[in-house]
Amino acid sequence: MAYGLRSPDQIVNEHIAKPWKQIEYTEAWRNLPEVPKKSEICPNVDPVVAKIEKQEAWNDYQNEPRYETKLPENIVEGPWPSREDYIGAHYQILREDAVAPLRRVVSEFKRHPHMVEDSDIAVVAARPLEGLQQNPPQVDLFWGDDKDTVFDPSEEYIMVEARSSYFEASRHMLEALQKLMTEKFPLADHIAMVDPMIGPPAYVEDHSIMDLSSLPLPTGTSEETVVPDVDERLLNVDVLESFPEIPASGMDDSQMSALQSMLVKKVAIIQGPPGTGKTFVSVAALKVMMANMQSDRGIITQGQYDSLAGGDWDGDDMDASGFASWLPGDQLEPIPRTPLINSNFELEEGDIEQEQLKDLEAEAGALRQDENDPREALSGEWLGFSRLSKYRGLLAALESRTLLIEEAAETLEGTVIAGMIDSLQQLILVGDHQQLQAHCNVKTLEEAPYHMNVSMFERLVKNSIGYVMLNKQRRMIPDIRGLLCVEANPFYLNLRDHDSVLELDNRPPVPGMGGINVYFFHHTWTECRNADMSINNQDEAQMIVAHFNHLLMNGVDANDITILT
């Protein structure tokens with residue numbers, strides 16, 4: 001394992017120091033800075049084009065020159081030519097998605113310096129953050145190119161924000177994609193080259209005997225929980241040879257198949273239609289993984305944990321500071337104070353890298369507290385998806401080997417790619433591509449030839465990568481489930497009802513509806529628009545209110561009624 005040759009401190013420090021940024025690459029996108037350059041947000045405009053744009057047509061923004069006029073296409077059918085093409089395409093499209101809203105809002109402000117806020121543009125005066133509450137307020141300023149750096153305390157600066165996006169959320173993901181180009185990119189054969197021959201991860205091949213006794217789940221009420229006796233036949237199961245039936249687990253056949261796939265495949269894809277128990281199966285799989293983890297592996301050292309509780313992060317004595325427990329002595333160097341620019345401004349200490357390390361350590365402290373919760377835990381064996389790109393250095397240092405993502409069909413593919421750290425052996429995608437798709441800031445990029453709305457989950461399924469569909473739902477009455485399975489054109493094939501939704505005691509008819517629990521009402525009442533161009537229909541609204549009152553008079557509790565418009 002590549003990371004096994006280096007200490008966690010070295011891995012974290014590499015993500016902070018970013019030595020790969022000092023290299024000039026042949027691929028132009030790999031040389032782009034973390035923060036957009038002025039030329040990206042304020043591109044040079046041809047005088048003729050500028051004159052045309054002064055006409056202020058409604059689609060001025062669409063006519064502006066882009067920083068990158070020729071974005072690569074996103075291949076969603078078939079394999080990519082190479083892993084480099086795959087990573088590069090996603091980086092360039094997602095960078096445009098992150099920068100374009102900034103470019104638009106700056107352009108709009110330049111045209112209309114006295115503009116008021118609208119649905120897409122906000123003039124930011126301040127933020128209710130600790131730094132901005134000081135006098136004078138403190139903010140961090142970044143420049144993509146040192147040549148663009150200008151700062152004069154006597155000048156007035158205007159801060160504008162694009163409401164449609166949040167660049168900080170994309171910044172860490174883009175950095176991770178650039179870093180991935182210097183790594184081995186595990187699972188690339190299946191993810192980029194769509195190789196359907198998927199075997200077990202190395203850790204399962206090495207130790208295929210697993211303890212599955214954690215699967216029988218406790219039953220009973222919260223006051224009276226009954227824990228089943230341990231089934232000895234589940235203590236030593238060769239999961240690559242056979243997978244036993246476990247009735248006490250409460251799982252149906254499709255859920256057991258999904259669980260097996262999650263435990264023994266390098267890339268496991270689980271489709272879960274509504275109410276079929278996606279999270280239930282995910283938690284069961286994590287329970288098994290945690291029960292089979294090595295017991296001698298910690299997340300952080302005791303010294304590092306202590307530093308989070310009471311370490312000195314601001315003192316001049318670096319050997320006694322909180323950093324000393326995270327970095328070797330030869331990597332500790334005091335950061336000089338920022339030069340005094342204006343005597344009315346307070347001195348600032350530290351730099352970006354120290355702040356990033358603090359964030360990593362704070363996150364590690366929170367993760368340590370959660371390691372007993374299979375829904376929140378993070379360990380050297382597997383990792384959670386929350387804040388994946390931002391804390392990639394910490395996760396890489398932990399040498400996590402399994403990445404499980406819920407709602408994967410709604411997740412941008414680039415976000416998943418960013419999690420491909422060197423130690424990763426297994427990717428588990430749980431979601432449903434037949435419900436919601438992924439979304440980005442620039443809607444045009446969701447369409448061909450960029451296809452940012454197609455998640456990795458959906459792309460792999462449509463390229464014949466094997467997956468398991470959970471097929472027994474426990475949420476809807478049969479009348480509602482039937483709408484998803486109309487024979488002429490079913491939304492889901494083979495979606496069936498669990499016995500629990502067939503019992504009238506569990507799903508009684510709606511009072512006052514004469515046994516009709518699903519009802520479609522068609523009308524031709526005229527719609528209206530108000531001054532804000534919002535559509536409304538008074539007749540329809542009055543009918544809905546009347547129906548609400550009808551249900552109340554028939555004994556339905558108001559808390560049990562939901563109106564979706």
Can you list everything that forms a side-chain contact (heavy atoms from CB on, under 4.5 Å) with [X]? Sequence neighbours excluded, please.
{"X": "Asn441", "value": "Asp97, Pro101, Ser165"}
{"X": "Ala89", "value": "Pro72, Trp80"}
{"X": "Pro81", "value": "Ile75, Asp85"}
{"X": "Thr182", "value": "Trp20, Tyr25, Arg30, Lys179"}

Any residue meeting salt bridge (charged side-chain N to carboxylate O under 4.0 Å, His left out) with [X], in chain and number order, not counting sequence neighbours:
{"X": "Glu410", "result": "none"}
{"X": "Glu77", "result": "none"}
{"X": "Lys38", "result": "none"}

Task: Pairs involving residues 408-430, ordered by first then second residue, that meet ring-ring contact (aromatic ring centres under 6.0 Å, His included) (sequence neighbours left out) - done: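 The answer is none; no pair qualifies.
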
Open item on the list: Enumerate the ring-ring contact (aromatic ring centres under 6.0 Å, His included) contacts for residues 393-446, please, sequence neighbours excluded, ordered by first and then second residue.
Closed with: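 Residue pairs with at least one partner in residues 393-446: His433-Phe457.
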
Task: Close side-chain approach of Leu263 and Val204, heavy atoms under 4.5 Å - done: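 Heavy-atom side-chain distance check fails, nothing below 4.5 Å.
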
Task: Pairs involving residues 460-469, ordered by first then second residue, that meet salt bridge (charged side-chain N to carboxylate O under 4.0 Å, His left out) (sequence neighbours left out) - done: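 Residue pairs passing salt bridge (charged side-chain N to carboxylate O under 4.0 Å, His left out), neighbours aside: Glu458-Lys462.
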
Determine, for [X] against [Y], whether the closest basic-nitrogen to carboxylate-oxygen distance falls under 4.0 angstrom.
{"X": "Glu40", "Y": "Arg95", "result": "yes"}
{"X": "Glu175", "Y": "Arg392", "result": "no"}
{"X": "Arg103", "Y": "Glu96", "result": "yes"}

Task: Donor + acceptor pair across side chains of Gln437, Asn453 (<3.5 Å) - done: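 Note: Gln437 and Asn453 side chains meet the donor-acceptor criterion.
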
- [ ] Just jot down the ring pair (Phe, Tyr, Trp, His ring centres under 6.0 Å) partners of Phe185, sequence neighbours excluded, or say none.
- [x]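 By the ring pair (Phe, Tyr, Trp, His ring centres under 6.0 Å) rule, Phe185 matches no residue at all.
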
Open item on the list: Test of understanding: with side-chain hydrogen bond (donor to acceptor under 3.5 Å, both in side chains), list the residues that count as partners of Tyr467, not counting sequence neighbours.
Closed with: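 Testing Tyr467 for side-chain hydrogen bond (donor to acceptor under 3.5 Å, both in side chains), a comparison that skips the adjacent residues, returns none.
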
Open item on the list: On a heavy-atom basis, which atom in Val106 and which in Ile41 lie closest, and how many Å separate them?
Closed with: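 Here Val106 and Ile41 meet closest at CG2-CG2, 3.7 Å.
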
